[in-house]
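Everything numeric in this text was worked out from a predicted model, so none of it was measured.
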Amino acid sequence: MKLLNDPFLNQLTNLFSLKAFRPDPFDMTAPLSVRFHNQPILGVCIYPGAIKFAQISFGSSLSVKEIGIMSRKTGDDKELVQLINAAHRETGCCYALVGYNYGFNALKSFSIKRSENLWAQLKDNPAMVLGDDFENGHQYSLEHHPNRDVSIVFSYDANYSTHLEKIFDHSEVEVVRLQHIIGSLFSEICRKFNGLMDYPLIIMSGSSVFYLDIEGSSDREWMLLRNRSENPVNSSLEAKRQLNFVEQILPREGNVLFYTDELNDADHWEDRIKEMRPELNLVSALPKMQNTQFDIFHTLAGN
């Protein structure tokens, strides 16, 4: 019998390495930082025309090591699997945190009751939680306003997330978390401000845009909500359409909380908005890291 396959020695090794006290990698009730303490995982963000990769480590603090941004030349599933496997070979990571960029809608709801087990209810029986706002074939997340009986409900096309899971089934990497970028960003911003944002908020990520106007009283009520999400290939025409939509919704002046998840240095959405609205002051909604193109992994891994 080989020593490497000795169950008793494996148990001892797991005890000394603390693996015996680590939750199962797929235990959704445990944070990633606990499931993968001192065990790097692969960060993957999927966009219509590209994919971002990073190596994420959970030690005394969260660490993100940029791997790169790879173009999707064909956009088909086979190419996506090849890119994922290439990142696996480079990092050795067998588990992945995956964010995707499109296929969402957001609405305001005034009928969702607060409860301690709301997250589990929303996952297991969303129709009971959402009532008339429920639609078959969708998955949901939501955020409550801290002082008002209003929630922002994010709806995600389940067909796309299921398709992504099947793609990873054909790769050398297993998914331990799959979530939409816009919903995760809004959740993180709400945590930072306890839901009481000082100014209107705009989030831009690839082909997706989310805008929420904030009422100026002490309650900071969530007012006008606008969002847009398509699944095009990256093109100059799409960038123009996105900017046209942003121009329609942004105020002329004042302060606006702003977060962008950019793919290309050439995008510079902040500079484009400043040219469009010179009297508008853009305030960073979340802290900027060393490489802003990979900041999104800090948010996805921290949620």
Side-chain angles (χ1 to χ4, degrees), residues 26 28 32 41-56 64 66-88 93 95-106 122-123 126 135 137-143 152-171 173-189 203-210 227-234 238 242 259-264 267 293-303:
F26 302 98
M28 298 294 290
L32 288 176
I41 62 174
L42 185 66
V44 184
C45 284
I46 300 173
Y47 305 84
I51 182 168
K52 286 182 185 177
F53 290 108
Q55 182 173 302
I56 302 170
V64 174
E66 303 92 0
I67 297 174
I69 301 174
M70 301 180 187
S71 297
R72 298 175 63 185
K73 296 178 181 178
T74 65
D76 62 21
D77 295 349
K78 183 178 179 181
E79 178 192 47
L80 192 54
V81 170
Q82 291 172 344
L83 294 175
I84 294 166
N85 286 341
H88 162 72
C93 297
Y95 298 105
L97 156 68
V98 182
Y100 63 100
N101 174 261
Y102 42 88
F104 91 100
N105 188 35
L122 190 65
K123 183 176 182 294
E135 184 178 356
H138 288 76
Q139 299 166 338
Y140 295 90
S141 67
L142 63 83
E143 290 292 329
I152 302 294
V153 179
F154 290 88
S155 169
Y156 313 108
D157 187 337
N159 289 327
Y160 184 65
S161 59
T162 301
H163 182 66
L164 274 180
E165 290 174 347
K166 290 180 179 178
I167 289 174
F168 275 86
D169 285 342
H170 290 90
S171 77
V173 177
E174 294 185 272
V175 178
V176 293
R177 176 180 288 177
L178 175 65
Q179 59 198 63
H180 195 281
I181 290 174
I182 292 285
S184 299
L185 284 167
F186 183 68
S187 178
E188 182 70 13
I189 292 168
I203 303 172
M204 300 178 67
S205 173
S207 58
S208 296
V209 180
F210 174 91
N227 63 93
R228 175 181 182 270
S229 181
E230 296 183 8
N231 180 7
V233 295
N234 282 351
E238 172 54 29
Q242 187 173 14
Y259 186 93
T260 179
D261 168 35
E262 291 183 325
L263 276 172
N264 306 299
D267 285 340
Q293 285 181 280
F294 292 85
D295 280 359
I296 183 62
F297 289 108
H298 291 269
T299 297
L300 296 177
N303 283 340

Next item on the list: Under the side chain to side chain contact (heavy atoms under 4.5 Å, CB included) rule, what do Gln242 and Arg228 come out as? Steps first, then yes or no, please.
Entry: CA-CA 9 Å; Gln242 187 173 14; Arg228 175 181 182 270; 4.0 Å; yes
Check: After noting the C-alpha distance and the side-chain angles of Val44 and Phe53, does the key distance pass the side chain to side chain contact (heavy atoms under 4.5 Å, CB included) rule?
Finding: CA-CA 5 Å; Val44 184; Phe53 290 108; 3.9 Å; yes
Checklist line | Criterion side chain to side chain contact (heavy atoms under 4.5 Å, CB included) on Glu165 and Val175, from CA distance to verdict | finding: CA-CA 7 Å; Glu165 290 174 347; Val175 178; 5.7 Å; no
Check: Could you go step by step and tell me if Ile69 and Phe294 meet the side chain to side chain contact (heavy atoms under 4.5 Å, CB included) rule?
Finding: CA-CA 9 Å; Ile69 301 174; Phe294 292 85; 3.8 Å; yes
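Here the options are Leu80, Ile84, Leu83, the test is side-chain contact (heavy atoms from CB on, under 4.5 Å), and the partner is Met70; only Leu83 passes.
Here the straight-line distance linking atom NZ of Lys52 with atom CZ of Phe297 works out to 6.5 Å at 0.5 Å rounding. Note: Leu122 CG to Leu142 CG = 5.0 Å, rounded to the nearest 0.5 Å. Interatomic distance, OH of Tyr160 versus CG of Leu178, reported as 9.0 Å (0.5 Å rounding). One finds the CZ atom of Phe104 at 15.0 Å from the OG atom of Ser161 (value rounded to the nearest 0.5 Å). Interatomic distance, Ile181 CD1 to Asp261 CG, rounded to the nearest 0.5 Å: 5.0 Å. Rounded to the nearest 0.5 Å, atoms CD (Glu188) and CD1 (Ile203) are 10.5 Å apart.
For the pair Leu300 and Cys45, the minimum side-chain heavy-atom distance is below 4.5 Å. Counting only heavy atoms from C-beta outward, the side chains of Tyr100 and His180 approach each other to under 4.5 Å. A 4.5 Å side-chain heavy-atom check between Lys166 and Asp77 finds every atom pair outside the cut-off. Side-chain contact between Thr299 and Ile189: absent, with no pair of heavy atoms (C-beta onward) separated by less than 4.5 Å.
Under the rule for a ring pair (Phe, Tyr, Trp, His ring centres under 6.0 Å), the partners of Phe186 that lie at least two apart in sequence or sit in another chain are Phe154, Phe210, Trp222.
Between the side chain of Glu79 and the backbone N or O of Thr74 there is at least one donor-acceptor pair closer than 3.5 Å. In this structure a side-chain-to-backbone donor-acceptor pair under 3.5 Å is present from Asn227 to Ala106. Listed for the His88 side chain is a donor-acceptor partner under 3.5 Å among the backbone atoms of Cys93. The closest donor-acceptor contact from the side chain of Thr162 to the backbone of Asn159 lies at 3.5 Å or more, if one exists at all. Remark: side-chain polar atoms of Ser187 are not paired, donor with acceptor, to backbone N or O of Ser184 under 3.5 angstrom. The main-chain N or O of Gly103 is found under 3.5 Å from a side-chain atom of Ser229 such that the two form a donor-acceptor pair.
Side-chain contact check for Ser205 and Asn101: at least one donor-acceptor pair (N or O, by modelled atom type) lies under 3.5 Å. In summary, the side chains of Ser155 and Glu135 do not present any donor paired with an acceptor at a separation below 3.5 Å, with no hydrogens or angles considered.
Taking the ring centroids of Tyr156 and His138, they lie at or beyond the 6.0 Å cut-off.
The two residues Val81 and Ser171 come nearest to each other via the heavy atoms CG1-CA, 4.1 Å.
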